[in-house]
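So the structure is just underneath, and the comments pick up after that.
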Amino acid sequence: MMYQLLTSLPLMTCTFFTVYIALELCNKELRELPALLNYMIATTVLYAGHFAFFNHASFIPVTDTLYLTANLAVYPLYLIYILRLTGRNRPYHDLLLLPTAIGAIACGITYSLMSTEETNLFVDIYLYHNQTEGLAGLALTQAWIHIICRLVFAIEVIMTVVIGFHLIRRYDYQVDQFYADTDDKSMHSIRTILLIVLIASVMSLIASIIGRYRFMDSQWFLAFPSLGFTILLYTIAYVGLHRHFSYRDMLTEQAVIDDKMLENKRMPAQESLTERIDQLMKDKQVFLQPNFKLENLAQQLQTNRTYVYQAINQQMGMTFNELINRQRVIYAKELMEKHPELSMNDVAIRSGFASLSSFYRNLKKYR
């Protein structure tokens, strides 16, 4: 009973969230859910293949083909999800799934051409004992297909993590340029998940090399990957369902630099603009306004947000987020000195921070 539970736990988690996300697609605020849904469908198929393998299903050729396909699809699909969140998705990105299609076709066709004896030999020697000795003909070909797909999987992991971190870093930089309060907009949680995914993938590759069949010998040994991947899948789905901001929202709020705005407009002197920004911070203390944006600052200065962006970045040498939160930290320190009776939460709110955690993070950063 415990063995069946451990082998089915990741599958049940994926299935639950696949259904839940599908039902949530009608929520227009969650526009990146289709990409997340595709990822969850792939993981559901992947762990259905795991379940069939560990429980010695009689239709292994079908489940193994689906497992291999899903295994090659999960990382490209998660990368496509990140591309959607960061606004870098293009139709040609679907080519990331090309190795998946090639691997699925090669595996499926080879299985269809194999005799029952060859199939049983391959399943027993390679799938359940991770060996190639004693295999010949199509059975050996199938083994090499699986080995090559394993190498492709490793490349996909590296590619997803490297490109994913780069996209997230660039996205967070853009958020810092235009928003003072970034707690609900940054992708820190996605970055953390990506790091955990990398660790989990290394463990998965090691498990694949030593052989999945070895986990059948001990329920305690099996419990570690089962519970680990269940928690990881739950976290990915939970964070995705509770994320309501992406690159497209920045476009909607017109908080991205539009080069067309520079056409037929005279660029004001950036030196005078930085002086006006400093003066505005001292006189009106606009940084105390919650959810203050670059566009709000441009309106206060009665100029173009592109010019304000360039003045802050090029002349002041910082992002908009840094400018505002440095001012908030200075104000908070003065407030604590003048009013020691105030709680930290009151200091954070009066200083313009959206949350106590944001206050502590910036206090540590700009102390």
Side-chain angles (χ1 to χ4, degrees), residues 1-27 30 32-57 59-60 62-82 84-85 97 100 153 156-157 160-161 164 187 189-208 212-216 218-244:
M1 179 66 182
M2 180 59 70
Y3 182 83
Q4 279 73 25
L5 177 62
L6 289 173
T7 55
S8 64
L9 199 55
L11 173 60
M12 289 189 293
T13 304
C14 296
T15 303
F16 170 78
F17 278 111
T18 297
V19 174
Y20 189 87
I21 293 171
L23 294 174
E24 284 291 308
L25 283 177
C26 59
N27 188 344
L30 305 174
E32 281 70 34
L33 277 190
L36 183 60
L37 176 62
N38 291 336
Y39 170 79
M40 293 308 300
I41 290 173
T43 57
T44 301
V45 175
L46 176 69
Y47 286 102
H50 266 298
F51 180 78
F53 174 85
F54 283 108
N55 289 275
H56 295 272
F59 41 91
I60 284 292
V62 176
T63 59
D64 184 52
T65 302
L66 292 175
Y67 167 81
L68 183 142
T69 304
N71 197 44
L72 290 176
V74 286
Y75 280 95
L77 286 173
Y78 194 68
L79 180 56
I80 289 172
Y81 171 60
I82 294 176
R84 288 289 301 274
L85 286 175
L97 294 169
T100 304
F153 173 80
E156 288 179 341
V157 170
T160 299
V161 171
M187 293 186 68
S189 56
I190 303 292
R191 184 191 291 113
T192 302
I193 288 175
L194 204 56
L195 181 60
I196 297 172
V197 164
L198 173 61
I199 297 171
S201 300
V202 172
M203 294 173 60
S204 179
L205 280 170
I206 293 172
S208 179
R212 288 187 293 166
Y213 69 94
R214 296 184 185 275
F215 290 87
M216 296 178 177
S218 171
Q219 291 184 5
W220 291 106
F221 196 28
L222 179 61
F224 286 104
S226 177
L227 295 174
F229 282 107
T230 297
I231 294 171
L232 174 62
L233 292 164
Y234 178 90
T235 305
I236 290 173
Y238 181 85
V239 170
L241 280 166
H242 288 80
R243 182 168 188 85
H244 302 286

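Computed from a predicted model, the values in this text were never measured in an experiment.
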**OP:** With sequence neighbours left out, write down each residue that passes ring-ring contact (aromatic ring centres under 6.0 Å, His included) with Y78, or none if nothing qualifies.
**Re:**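 Once residues adjacent in sequence are excluded, the partners of Y78 under the ring-ring contact (aromatic ring centres under 6.0 Å, His included) criterion are Y39, Y81.
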Of all residues at least two apart in sequence or in a different chain, which pass the side chain to side chain contact (heavy atoms under 4.5 Å, CB included) check with [X]?
| X | result |
| --- | --- |
| S189 | V239 |
| A48 | L11 |
| L232 | I196, V197, A200, F229, I236 |
| A22 | L37 |

Subject >> Backbone N/O of F51 and side chain of N55: donor-acceptor pair under 3.5 Å >> reply: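 The answer is yes, because a donor-acceptor pair under 3.5 Å joins these two groups.
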**OP:** May I have all residue pairs that pass side-chain hydrogen bond (donor to acceptor under 3.5 Å, both in side chains) and include part of residues 10-19, sequence neighbours excluded?
**Re:**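 Non-adjacent pairs meeting side-chain hydrogen bond (donor to acceptor under 3.5 Å, both in side chains): T18-T44.
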Subject >> Where at least one partner belongs to residues 225-238, residue pairs that pass side-chain hydrogen bond (donor to acceptor under 3.5 Å, both in side chains), sequence neighbours excluded >> reply: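 Qualifying pairs: none.
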Subject >> Steps toward side chain to side chain contact (heavy atoms under 4.5 Å, CB included) verdict (Y47, L233) >> reply: CA-CA 11 Å; Y47 286 102; L233 292 164; 3.6 Å; yes
Original post:
Once you round to the nearest 0.5 Å, how far does CE of M12 lie from CG of L5?
Top reply: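 If I round to the nearest 0.5 Å, the distance is 5.0 Å.
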Original post:
Could you state the interatomic distance from CG (L33) to CE (M40), rounded to the nearest 0.5 Å?
Top reply: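 Here the rounded value is 11.5 Å.
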**OP:** Decide side chain to side chain contact (heavy atoms under 4.5 Å, CB included) for V45 and Y67; before the verdict, give the C-alpha distance in whole Å, the side-chain angles of both, and the deciding distance to 0.1 Å.
**Re:** CA-CA 6 Å; V45 175; Y67 167 81; over 6 Å; no
Subject >> Validation row: L241, Y20 side chains within 4.5 angstrom (heavy atoms) >> reply: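 Yes, close enough: below the 4.5 Å cut-off.
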Original post:
What residue pairs, at least two apart or across chains, pass salt bridge (charged side-chain N to carboxylate O under 4.0 Å, His left out) with a residue in residues 189-200?
Top reply: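 As it turns out, the salt bridge (charged side-chain N to carboxylate O under 4.0 Å, His left out) pairs with a partner in residues 189-200, which skip direct neighbours, are D172-R191.
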Original post:
Which residues pass the side chain to side chain donor-acceptor pair (under 3.5 Å) test with T69, sequence neighbours left out?
Top reply: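 Checked T69 against side chain to side chain donor-acceptor pair (under 3.5 Å); zero matches.
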Subject >> Which residues share a side chain to side chain donor-acceptor pair (under 3.5 Å) with T63, sequence neighbours left out >> reply: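 Once residues adjacent in sequence are excluded, T63 has no partner under the side chain to side chain donor-acceptor pair (under 3.5 Å) criterion.
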Original post:
Out of L97, T43, L72, which residue meets the side chain to side chain contact (heavy atoms under 4.5 Å, CB included) rule with L77?
Top reply: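 So the option named by the test is L97.
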